[in-house]
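These notes concern the structure reproduced below.
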Amino acid sequence: MQNSSKLYLTLTLAAGLVLTSCSKLGELSADNFTVTPSPMEAVSNKVPVTINGRFPEKYMKKKAVVTVTPVLRYEGGEVKGTPATFQGEKVQGNDQTISYKVGGNYTMKNSFAYQPAMQFSELYLTFDARIGSKAVSVPEVKVANGVIATSTLLGRTVTGANTALGEDAYQYAIAQTQQAQIRYLINQANLRTSELKSVSVQDFVRTLRQIKEDQKGFQLDNIEISAYASPEGSLAFNTALAEKRQNSSEGYVRGELKGMNFDADVQTHYTAEDWEGFQELVQASNIQDKDVILRVLSMYPDPEERERQIRNLSAGFNELADEILPELRRARLTINYYIIGRSDDEIQAQYKSDASQLSVEELLYAATLTDNVAEKKDVYATTARLCPNDYRAYNNLATLALAENNLSQAREYLAAAAAKKSDAAEVNANRALLAMAEGNLDDAENFAARAATAKNYNDVMGNLSIMKGNYAQAAQYLAGSKTNSAALAQLLNRDYSSAANTLATVAHPDAMTSYLKAIVAARTNQSAATVRGYLNDAVAKEASLRNYMQKDLEFLSVFGVDGLK
C-alpha cells in the first residue's frame, strides 16, 4: 500500500513485482491472475470476487506449500479474504496439488463486506510459502483496482420510491337505497290499506319527502317498481296478475309524488313467475327436506309442469302454502338516491375557517386537493391533532418525510402510525422502504412480509430485490414504475435502453435522476460532454454528490483518474 493520501487507479492490471531475492519458487505476476469482475462491484452490500489463478510450469516445487490470501486495501484500512492453500506433488496433505512439470489452474471465490472507502481500493494477493520446513519469500501481487458501488445508490433512490398512502374513504356522493314491499292476497292486485300503513311503506314515503325537501344534501336517481306473481298459477294468468300488481303499485307511487310536487324517474317491470324468489325463500327456510323439494322442481324446466308440481307440493306441504308463496305475491318499491357531501371548494373553505368541523375522511381528502407539499403537511398535521387515534395522517406525513430524505422524521411518524395500527399494510410497506434507506436488510424483509396488500407492494419488493442483488427480479417487480429505483434496477440488469426511458419519465426528477442518467450515458459510450452535463445538473441539485462522483469508477473510462477530481 502506497503512503500517499489517495490511491491512484489504473485501467489495466498492475504488473507483478519481480523477485529480487533468491526465491526458489520463481516469479509471479498479475498476468498469472484474472479477476472477475474487474473493476469489482458491490452487490447486496458485499464485494464478491472470483480470482482465477495459474501456477506456471516448473513453479510449484514438489515439496512446496503456498497459501494465497486476497487482501482488499483502501485508504484507512484493509480486509483479508478467505485464504486457499496449494501443495507440491510430494507433500502429504489435503490441499489442491499442483504439478511441477505442467503447473496448474485454480479458482478462489471471496466476498468482502462493502465499505464506502472501498471505491478507491486495490486488491492484492499475498503469499505464505515454504519448501519443506523452510519459509520462502513470495512478494504480493496487485490484481485489481477499485469497486463500482452503483448498487449502493439504492439508499438514495429508495426515498423516491412509490410510497403507500393511508387513503381517505371520502365520497362526494354515497349511493343509498330505500325499499318497501307491498303484499297482495292470492290472485288479487288491489292495494290494501294495511299494507300501505306498513313500516316499510311509510319509511319509503318519508325518504321521498326528505329527498324532495333537502335536494342539496340528497340527490334522487330513480324509483324502481318490480311486481311479481307466485309461480303456482298458470303462466298466462300470472302474467296478467303481475302486470296488474305493477300498475296498482305504480299508481300509488305516482300519487305520492304528485302530492309532493316531486318529478321523478319511475321505472317499472313485472315478473310473471318468481321462480328465483321461490328458490331463495325455500333455501332460507326451515322446511324439512327443502333440498329435495328444490332438486325435484329443478327437474322440470317447463313452466307449466313446474307449476303443477308446486301446486302438488303446496297441497302436501303447509309450509310452502303458508310461508313461502304468500311472500312472492308482492311489489317491491326501491328508491335509488345519493347522499351528497361537501364539494371540493366547500371542504377547502371549511378547512380554512374551522377544520374541526370536517370529518377525518374529509380532512384526509383535503390533502389530495393540493400539490403543494407544505400545504399537504399542514393538512396531515392538523388531521393528526384533531384525530389522534387515526394512523393514516402519521403514515402520510412519513411519506412526505421519506420523499425529502428526512429519515429521522419519517421514522418518528411511522412509529406513531404503527402504534395506532401496527398491522396496517401501508405502514409496514413504508417501514420497509425506510429500513432499506437505512441499509437494514433484516428489518426491510420483516416489514415487507407484512405489507403484501399494500398498493405499492411491487415497489417494495423491487427495491428489496435490488438490496439483495437480484437485479432481474427487481426489474420485473418495478416494470412500469417511473422511479429512480426502477431505472437503477434496469441499469444494474444492464438494460440501458429501458433505464434511459424510465429516467426520462420520472414524475419528479431530482439529483439522483440526473446522476443515473450520467451512469447510463457513460456505460453506453456517450460523449464526455453529455456525461458531464448530467453530472453538473446532479451536483447543482445536490452538492454532496460532487464528493461521491469524484470516487465513482463509473466515470473512470470517460474522464480518467485525474478527470474525476
- Not counting sequence neighbours, list each pair that qualifies as a salt bridge (Lys or Arg N to Asp or Glu O under 4.0 Å) and has a residue in residues 331-344. Arg342-Glu362
- Query: What are the two closest non-hydrogen atoms of Arg431 and Ala418, and how far apart are they?
  - Reply: NH1-CB, 3.3 Å
- Message: So, using side-chain contact (heavy atoms from CB on, under 4.5 Å) as the criterion, who are the partners of Ala424 when residues are at least two apart?
- Response: Tyr391, Lys421, Glu426, Val427
- State, to 0.1 Å, how close Pro509 and Lys541 come at their nearest heavy-atom pair, and which atoms those are. O-NZ, 4.2 Å
- Under 3.5 Å side-chain donor-acceptor pair for Thr502 and Gln490: yes
- Task: Walk me through it: do Thr193 and Leu196 pass the test side chain to side chain contact (heavy atoms under 4.5 Å, CB included)?
- Result: CA-CA 5 Å; Thr193 303; Leu196 300 183; 5.6 Å; no
- Task: Using a 4.5 Å cut-off on heavy atoms from C-beta on, say whether the side chain of Leu414 contacts that of Asn395.
- Result: yes
- Task: May I have all residue pairs that pass salt bridge (Lys or Arg N to Asp or Glu O under 4.0 Å) and include part of residues 371-389, sequence neighbours excluded?
- Result: Lys377-Glu404
- Message: Looking only at the side chains, is there a donor atom on one of Asn484 and Asp510 sitting less than 3.5 Å from an acceptor on the other?
- Response: yes
- Query: Is it true that the side chains of Ser248 and Tyr184 contain a donor and an acceptor less than 3.5 Å apart?
  - Reply: yes
- Minimum heavy-atom distance Val520-Leu491, with the two atoms named: CG2-CD1, 3.6 Å
- Begin from the C-alpha positions of Glu554 and Thr150 and carry the test side chain to side chain donor-acceptor pair (under 3.5 Å) through to its verdict. CA-CA 8 Å; Glu554 291 281 9; Thr150 301; 2.4 Å; yes
- Item | For Leu363 against Cys387, the heavy-atom pair lying closest together | CD1-SG, 4.2 Å
- Task: Mind running side chain to side chain contact (heavy atoms under 4.5 Å, CB included) on Asn396 and Leu364 for me, showing each step along the way?
- Result: CA-CA 9 Å; Asn396 296 355; Leu364 291 169; 4.2 Å; yes
- Item | Any donor-acceptor N or O pair under 3.5 Å, side chains Asn406, Ser408 | yes
- Task: Just do the side chain to side chain contact (heavy atoms under 4.5 Å, CB included) check on Asp423 and Arg450 with the steps written out, would you?
- Result: CA-CA 7 Å; Asp423 61 346; Arg450 296 154 60 185; over 6 Å; no
- Applying side chain to side chain contact (heavy atoms under 4.5 Å, CB included), run through Gln409 and Leu400 and close with a yes or a no. CA-CA 10 Å; Gln409 193 172 73; Leu400 298 177; over 6 Å; no
- For the student: nearest non-hydrogen atoms of Asn456 and Ala164, plus distance: OD1-CB, 3.3 Å
- Message: For the residue pair Gln526 / Thr524, report whether a side-chain donor-acceptor contact shorter than 3.5 Å exists.
- Response: yes
- Task: Using the test side-chain contact (heavy atoms from CB on, under 4.5 Å), find all partners of Arg254 that sit at least two apart in sequence or belong to another chain.
- Result: Glu250, Val266
- Pair Asn162, Ser481: side-chain N/O donor-acceptor within cut-off below 3.5 Å: yes
- Do any N or O atoms from the side chain of Asn470 and from the backbone of Gln473 form a donor-acceptor pair under 3.5 angstrom? no
- Query: Does NZ or CZ of Arg330 fall inside the cone over Tyr228's six-membered ring, less than 6.0 Å from its centre and within 45° of the axis?
  - Reply: yes
- For Ser194, enumerate each residue passing the side-chain hydrogen bond (donor to acceptor under 3.5 Å, both in side chains) test, keeping only those at least two apart in sequence or located in another chain. none
- Under the side chain to side chain donor-acceptor pair (under 3.5 Å) criterion, do Gln178 and Asp203 qualify, and how do the steps go? CA-CA 8 Å; Gln178 179 70 49; Asp203 286 345; 4.8 Å; no
- Which residue pairs satisfy the salt bridge (Lys or Arg N to Asp or Glu O under 4.0 Å) criterion with at least one member in residues 162-190, sequence neighbours excluded? Glu167-Lys455, Arg183-Glu327
